[in-house]
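Written below as structure tokens is the structure these notes are about.
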Amino acid sequence: MSRLTMTRRGLLKAGAASGVALAAPLSFVRGAYAEDFCNMPTGSSVTLGFNVPQSGPYADEGADELRAYQLATKHLNGEGDGGLLNTFSSKALKGNGILGKKVEFVTGDTQTKSDAARASAKRMIEKDGAIMITGGSSSGVAVAVQGLCQEMGVIFMAGLTHSNDTTGKDKRRYGFRHFFNAYQSGLALGPILADELGKDRTAYHLTADYNWGWTQEESIKDATEGLGWQTANAVRTPLGAGDFSQYLTPVLNSGADVLILNHYGKDMVNSLTQAVQFGMREKQVNGKDFQIVVPLFSRLMAQGAGENIKGILGTTNWNWSLQDEGSKAFVKSFGQEYGFPPSQAAQTCYVQALLYADACERAGTFYPPEVIKALEGFEFDGMGNGETLYRAADHQCFKEVLVVKGNENPQSQFDLLEVVKIVPREQVTYDASIFGGDLGPADAKTC
Amino acid sequence: MKQMLNREPFALAAFSLVILLMPIWLTPFGANYPDLLQKFAIFAIFAMGFNILFGLTGYLSFGHAAFLGVGSYAAVWSFKLFTMNVLPAIVFGVAFAGIFALAIGYVSLRRSGIYFSILTLAFAQMSYNLAYSVLTPITNGETGLQLTLQDPRIIDNAFSTPGAGLPETNLFGIDMSGYPGFYFCAVVLIICFFITRRIFNSPFGLTLRGVKSNQNRMGYTGINTRPYTLAAFVISGMFAGLAGSLLAVTDPLAGAERMQWTASGEVVLMTILGGVGTLVGPMLGAWLIKYLENIFSSFNENTLEHFFSFLPEGLQAIAVDVSSLFVGEGWHLTLGVLFMLIVIFLPGGLMEGWRRLLRRFSGGGGGKSEPAVAVQPAE
């Protein structure tokens, strides 16, 4: 075939053929998506999407989150000892999956990057048919994925995210957060700081430069200035800086006698370790002992910081040493499964998975607008945080907040945080309107 | 056969058919879902544009992701300020990336070889860090630039009242998410293929190849190569800006990590994997990497146990343990191994493999193969 002659008829035929070929995928699409709402489960199983950081700076948290999700899946399907299903105040879950459908899951790696997190969430929704997305360990990622889930009409149960924005400025109808936030940290930590350190202090903030750091700095500043403290300076540090010495050097000459580290994960481990190496904790400023405060604490971070953590104050969402029925049950089944106690990230993720399943059972359907209604304003207990309310106005959970201190005499390698005070829910409740934002519509979408 | 494929209408028709039918032929690979298809088309454009610079002139830019990021930011700002229509966003994305490339290219192209690579890398890292720190009001830092309900969107709001919830990107009323988004990207990719093909076969392309083989000789024959390399750099930056704006079109969010050096490195990998200086090689490389990133990374132990369920119990456990190293978060390892194998055994990338196959099946005839040309930056 050396030369192709083009005739009118041939051209028409070719045109028609390619038209059919082009339209073919569209008809597949229509067939696959002919349903009432995005990813309506039609078979005998229902798929949940666990989107956690498996690589990057928060990989430790992500690994623990995934363990918790796998445990939750087991318990929902009636395997294992049932965990928190036994202590949960709502008895809608029977251990036979969700609405009689077996729970299956798909996983994705957020890489702690908004782009990657959205790509993997999209994959789980578009390809794997996930009806709910949950997980994550960064507020940047949580806000990004939550926005995506709102667009696609898939419920998002946020994992570890502490920024006020997640349920404040950037709140979404399809997004729910069980974890506490920076504003609540400020409310809880304030009075304790006044008791332990006095009302006449000058603070110096080092802040991770992204939405979580900004809101935490603001919240803690408000809380401490409310006590009568001064703020000497607030310096933003790049995320993942590694070396903080250039930011720490000016602190001692600034006249400040408290250093507040608004850092998380490896950043916090590095900045705290360097501050201790600088001898800050032995210094006297303004006639008082120099102090360091880390408003958001976790056991995984304490493990990384080692000795340096002793005596340092902060807040946390949950700690495995709590003695209520829910916490004990969770620590027991997690310990049996994996051989060590769960982190706060694991607890919040496990509880989120159960709360979603329970809301579907109570709503009697997977139809998202109904599930959202079931979650909004839901009061529950027995999940390890005392009586808890999922507030309808901003989808934030209101529950006890723990003020903790690095343990001076740890009994084991996990016994790193000592609970100073369990701050009651009333004290950390605030007006939903202070952060602005708009939840948006709850309309179901087809994918 | 080969001659037929070289004719422009046939080449274009064949290429269009392959691209537009992707939702069908990718189904067996489990890659048939809109997000990945969109990424295939977008990163093909990115790699193709990169290849105009690297493949033709031999200048290895290690900072191409900066243009991708600039394109994304410009497009999202167009959505925020003017309209959700995608055409202005693309125009802005390409234009800003072009201006940015002109500035960076003007400085960087004073050097060649490794120095050029380092300069571009430095500029890209600088842009990345600026986006994270000083430029936070424009880029929204780590959180990423996103649409909000408070955006002015002057043009849209002048014609209609906004509904509840965030608006979606559209092309005169057609939503650009899902499959329509893919077909839009696919059409843009076909246009880019046409442009690239024309550049490859033009006297301009020939001049660029001349730069690659020996820049000094070009200079002695009286050709000032600087305008040519700068033009190639800007065109390739504009392709990257186009890809960046398409990323924003299919998903209106721009994050600084798009500009990170790893993203720049990725496009280099794509091009080398596929075949430097070939027309479709970089596209194949882009597909391979995006496929690994999205599909391999999603395999977990349950998937593997299911996959190896035909084996007896003990063997199954071993097979799962070994293969789990290469999937999930270990997909980088798979990519690394694959990259090594290709660089060692097929220095010309996937395209060289294809040519060797063709030669074998056409009975050893088909003329002598060109020796694989090592990529040599111009000196």
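Residue numbering restarts at 1 for every chain, and letters A, B, ... go by the order of the sequence lines.
To the nearest 0.5 Å, atoms CD (Glu151(A)) and OG1 (Thr169(B)) are separated by 8.0 Å. Going from atom CE of Met124(A) over to atom OH of Tyr33(B) covers 10.0 Å, rounded to the nearest 0.5 Å. Atom OG in Ser177(B) sits 8.5 Å away from atom CD in Glu126(A) (nearest 0.5 Å).
Scanning both residues, Arg118(A) and Leu253(B), for their nearest heavy atoms gives NH1-CD1, 3.5 Å. Here the closest heavy-atom approach between residue Leu147(B) and residue Arg172(A) is recorded as O-NH2, 4.4 Å.
For chain B, no part of Trp212(A) is nearby; none of its heavy atoms comes within less than 4.5 Å. Contacts of Ser139(A) with chain B are absent, with no heavy-atom separation under 4.5 Å from either backbone or side chain. Ile295(B) touches chain A through its side chain: at least one heavy atom from C-beta onward sits under 4.5 Å away, while N, CA, C and O do not. Only the side chain of Thr136(B) comes within less than 4.5 Å of a heavy atom of chain A; its backbone N, CA, C and O stay farther away.
When each of Asp109(A), Asp209(A), Thr107(A), Asp170(A) is scored by its heavy-atom pairs under 4.5 Å with chain B, the top score falls to Thr107(A).
Asn294(B) places none of its side-chain heavy atoms less than 4.5 Å from the side chain of Lys127(A). Between Lys113(A) and Gln260(B), some side-chain heavy-atom pair lies under the 4.5 Å cut-off. You'll find the side chain of Gln146(B) reaches within 4.5 Å of the side chain of Val143(A), heavy atoms only. Put simply, the side chain of Asn211(A) does not reach to within 4.5 Å of the side chain of Asn140(B), judged on heavy atoms.
Among residues 35-44 of chain B, the residues having any heavy atom closer than 4.5 Å to a heavy atom of chain A are, in sequence order, Asp35(B), Gln38(B), Lys39(B).
Heavy atoms from other residues, nucleotides or ligands lying under 6.0 Å from OH of Tyr338(A) number more than 12.
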